[in-house]
Every structure is written in C-alpha cells, then in structure tokens.
Enquirer: 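Here you go, one structure.
What you see is a predicted model; the values in this text were computed from it and never measured.
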Amino acid sequence: MNILSILGAVEAPSDLWVTLIEWVRGSVGNLGWTLILVTLLVKVVTTPLDFMVKLSTKKQTLVQQKCAPQVAKLQKKFGHDRQTLQVQTNSLYKREGLNMGAGCIIMLVNLILTMTIFFTFFGSLRKFSAYEAINQYEQVSASYEAGYFAGLSQASNGEFDSQADLNAWQTTMNERKAAYEAMPETTDPEREAKQAEATAIATEEGRILDFQTKATDAGSKAAVAKWNDNKKSHSWLWIQNIWVQDSTTSPFPNYDSLVSMAKNSGYTDYVTTNINKDNYNKIAALIIDNSRSANGYYILAVLAGVITFLSQYITELHNKLKNKKAQILAKSAGPENTGSMKVMKIVMPAVMVIFVLTSTASFGLYILASNVASIALGEITTLIVDKMTKKKRLEVEEFLEKEANRLIRKGHIKE
C-alpha cells in the first residue's frame, strides 16, 4: 500500500477559546484535562455575576415568601381581574422593598453571558474537533509514509528510497511488458525467449512485492505507534479520543464521518481536495484494527443528565424555608407551579444528554466540568448568600410562623 503525501497542513482555528485552550494545554499537555481546567477557569471568572444573581434571587424569594399570605388574599379579592391583581401584587412587593426590575436585569445579563459562553464554546469545540481529527489523520498518515519508505529502503538495501524510485521502476516495468507483448513467437527459440522474459518479469515483480510487503508492515507499525503516542494527549480516562463521541463508535472516524465534521466546521474544501478517501479509510482501518473497538460507553451523557438533575434539586433545597410551619404557610398561601417544575427537572437533564450524545466527547467534558463546578462554586456562594440574608430569613420565618399558628388555630390550614 502506498500513501501519498498530504498536500499541505490544515489551518488551525484561532478564536478566543482555542487560544485559551492552547495556552493551558502548554502546561497541562492532555487535552481532556485542559478542557476541564479551562471550564473551571471560566466558571471562576463568572462566579461574581452568579453570586449577584443568587443574592438577588434569594432576597426576591424571601420577600415573595413573606408576602405569600397577602398575595393569597389579593388572589381571592381580585382573582377575576388579572390586571388589578398584578398591580396590587407589584405594589405589595414594592412596599416590602422588592425591586423586580433590578433583579430581572441581573438575571438577564447572567443569562445572556451564560448562553454566549455555551454556544460560542460549542461552536469553537466543533471546529477544533474537526481540525484535530484532520490533523490526527495527517500525522498518522505521514508516519505511515515515513515508516513505509524506511522499511522499503531497508528491505531493498537502498535500491528503493522514495516514491520516485518506485515510479521509475514501474515505468521501466511497463516498457518491459510492452516489449514483451511485442516479442514474436513464431519459432521455438522465440517462444522460449518470450517465456524466459515472462518468468523474469514475474520474478522481478515478486521481488518488489516482497519489498512492499515488508515496507507495509513497517509503515503500519509506525502509524500505530504515532496513534498511540497521540492518544496520550487526546485520550481521557475511558475515552480513547475526545474528538469523537463518547460512544461505541470507533475512536478513529471513517471518511464519511470526517466529511460530516468538516462540513459543520468550514473544512469541507480542505478534506475533499487534500484527503483521498481510499487512503484515509485504509489508515482508519489500520488504526481500528489496532485499537479498542469502542471510543467510549456513553458515560459522559449519563453523568451530564444526573448532575444536571442534582443541580436543580440542590437549588430547590436551598430555596426552601427551614421553619416547617413557615413552609406550610408559604405552600398553602402561594402554591408553586409544581407541574412546570417537575417537567423542567426532566427536560433540562434530557437536553444535556442530547447535547452530549450528539457532540464530541470534548464538549461532553465541558458540560460535565461546568455542571460540577457550578454545584461546587454554587455551594460556596450559597453559604455566603445565606449568611448575608440570615437576618431577613429569620424575620420572614418568624412572621410566617406567627401567621401559620393563627391560621392553624382558626382551622384554615392543617399543621
């Protein structure tokens, strides 16, 4: 098998995220851990805004909980007039010092920033994944070619050192075969001469075929060695290649998969122009034969779903009042939209699972690291927020407990 040289190097992406990844990669080495560290750095930088949102939300929640009994009365009084009910409710919140507009602005800014980071990182990693997949092939292919011709030179004792030598030999053989076809065979000596030439040609081709077989073996070993060396950078725990999905697919994408990746990342022209499909699939088959069949086991998708659900559950726990009677009153006076909340508890984890399943493992690592960091940093910011709002929380709980005791005595609610 003869693999021709790749026509030039693919141009690497150079956006902000890739620049940051490459900068961290210089110190870390492994790209999987690099992506995790970059994600953690981003979460740390955006934590102050998350803290502001959490503080604003906590204050808003406490005011709404304190106002829950009055809101319930307004609902009974103005339930038939939605506009008046809204005006009266907003007036009540304003008297209690709740600025809904300011809270909404902070949350909106945080939402825009979060979505911008999410989608720009997604787009950047999608392009980076295509680039790395192309680059992996080019490096392995170049190693195969170097190993092939080194093996060919060794097997032929320096007679054949390059593709040019093989091409020259093939030209000579073609001329020799043409001359053989033109040889007369009307007499016995002519027939004997032609038969001798046929034997000589077959012997020569067999000799070169033996050289090429040894060269192919040398090239294959060099290619596999290069792939295994690259895996030190591109693997992560159970995943062989983070630029492919964490699934039972091959760690080395086939040509059609590569074209699909290139199509979504702006490398289509490069792939279709510079990469021969047959040569690519031969290299891919070689790597697949010498690798574990599955790139991963869908673990990232499962973890992303579980951690997203856990994150929502923890947030819900933090928003609950610690006083049980206050909880009873808050729920009875201002019932939560439990149906919508239950749906979101299912929808959000499902969305994360779909994102991970349809993206490369690199993006799955981002999702996983981002969610874990959100929980860890969230617990720290929540602790600080709880201390800052402790006085207000105790005031609200005391107020609601008194109101709950009054309503329990009247039999309006059950303890």
Enquirer: Can you name the closest pair of heavy atoms from Ile287 and Val224 and give their distance?
Expert: CD1-CA, 4.3 Å
Enquirer: Sort and list the pairs that fulfil salt bridge (Lys or Arg N to Asp or Glu O under 4.0 Å) and have at least one residue in residues 181-190, not counting sequence neighbours.
Expert: Glu185-Lys194, Asp188-Arg191
Enquirer: Could you tell me if Ser311 and Asn371 have a donor-acceptor pair between their side chains, going purely by distance under 3.5 Å?
Expert: no
Enquirer: According to the ring-ring contact (aromatic ring centres under 6.0 Å, His included) rule, which pairs have a member within residues 358-387, sequence neighbours left out?
Expert: Phe118-Phe363, Phe121-Tyr366, Phe122-Phe363, Phe363-Tyr366
Enquirer: Give a yes or no on whether the backbone of Ser257 and the side-chain of Asn254 come within a donor-acceptor separation of less than 3.5 Å.
Expert: yes
Enquirer: Among residues two or more places apart or on two chains, list those pairs meeting side chain to side chain donor-acceptor pair (under 3.5 Å) that have a residue in residues 106-124.
Expert: Asp15-Ser124, Trp17-Thr120
Enquirer: Which heavy atom in Ile242 sits nearest to a heavy atom in Ser235, and how many Å separate them?
Expert: CG2-C, 4.4 Å
Enquirer: So do the side chains of Tyr255 and Asn279 get within less than 4.5 Å of each other, counting heavy atoms only?
Expert: no
Enquirer: Taking the ring of Phe128 and the ring of Trp243, is the distance between their centroids below 6.0 Å?
Expert: yes
Enquirer: Any ion pair linking Asp217 and Lys221 (charged N to carboxylate O, less than 4.0 Å)?
Expert: yes
Enquirer: Decide yes or no on side chain to side chain contact (heavy atoms under 4.5 Å, CB included) for Leu31 and Ile21, but give the supporting numbers first.
Expert: CA-CA 8 Å; Leu31 276 160; Ile21 289 170; 4.1 Å; yes
Enquirer: Ignoring hydrogens and geometry, is there a side-chain-to-backbone donor-acceptor pair from Ser156 to Leu152 under 3.5 Å?
Expert: yes
Enquirer: Closer than 4.0 angstrom, basic N to acidic O: yes or no for Arg393 and Glu398?
Expert: no
Enquirer: Going by the salt bridge (Lys or Arg N to Asp or Glu O under 4.0 Å) test, which pairs reach into residues 235-261, not counting sequence neighbours?
Expert: Asp256-Lys277
Enquirer: Enumerate the ring-ring contact (aromatic ring centres under 6.0 Å, His included) contacts for residues 200-229, please, sequence neighbours excluded, ordered by first and then second residue.
Expert: Trp227-Phe252
Enquirer: Salt bridge or not between Arg176 and Glu197? Use side-chain N to carboxylate O under 4.0 Å.
Expert: yes
Enquirer: Which salt bridge (Lys or Arg N to Asp or Glu O under 4.0 Å) pairs, counting each pair once, include a residue from residues 21-35, with sequence neighbours left out?
Expert: Glu22-Arg25, Arg25-Glu132
Enquirer: Between the side chains of Glu159 and Trp169, is a donor N or O closer than 3.5 angstrom to an acceptor N or O?
Expert: no
Enquirer: Let me see the working for Asn274 and Glu138 under side chain to side chain donor-acceptor pair (under 3.5 Å), right down to the final yes or no.
Expert: CA-CA 10 Å; Asn274 294 337; Glu138 293 191 340; 5.8 Å; no
Enquirer: Does atom CD of Gln154 have more than 12 heavy-atom neighbours from other groups under 6.0 Å away?
Expert: no
Enquirer: If you draw a 6.0 Å radius around CH2 in Trp238, do more than 12 non-hydrogen atoms from other residues or ligands fall strictly inside?
Expert: yes
Enquirer: Measure across Thr389 and Leu55 and return the closest heavy-atom pair with its distance rounded to 0.1 Å.
Expert: CG2-CD1, 3.9 Å
Enquirer: Return yes when atom NZ of Lys59 has more than 12 non-hydrogen atoms of other residues, nucleotides or ligands closer than 6.0 Å, and no otherwise.
Expert: no
Enquirer: Return the minimal non-hydrogen interatomic distance between Leu40 and Ala373, and the atom names on each side.
Expert: CD2-CB, 3.5 Å
Enquirer: Taking atom types as modelled, is there a side-chain donor on Lys43 or Ser374 under 3.5 Å from an acceptor on the other?
Expert: yes
Enquirer: Indicate whether the side chain of Ser153 and that of Asp161 have a donor and an acceptor atom separated by less than 3.5 Å.
Expert: yes
Enquirer: Report the C-alpha distance between Lys214 and Asp210 in whole Å, list the side-chain angles of each, state the deciding distance to 0.1 Å, and finish with yes or no for salt bridge (charged side-chain N to carboxylate O under 4.0 Å, His left out).
Expert: CA-CA 6 Å; Lys214 293 177 180 178; Asp210 181 61; 3.6 Å; yes
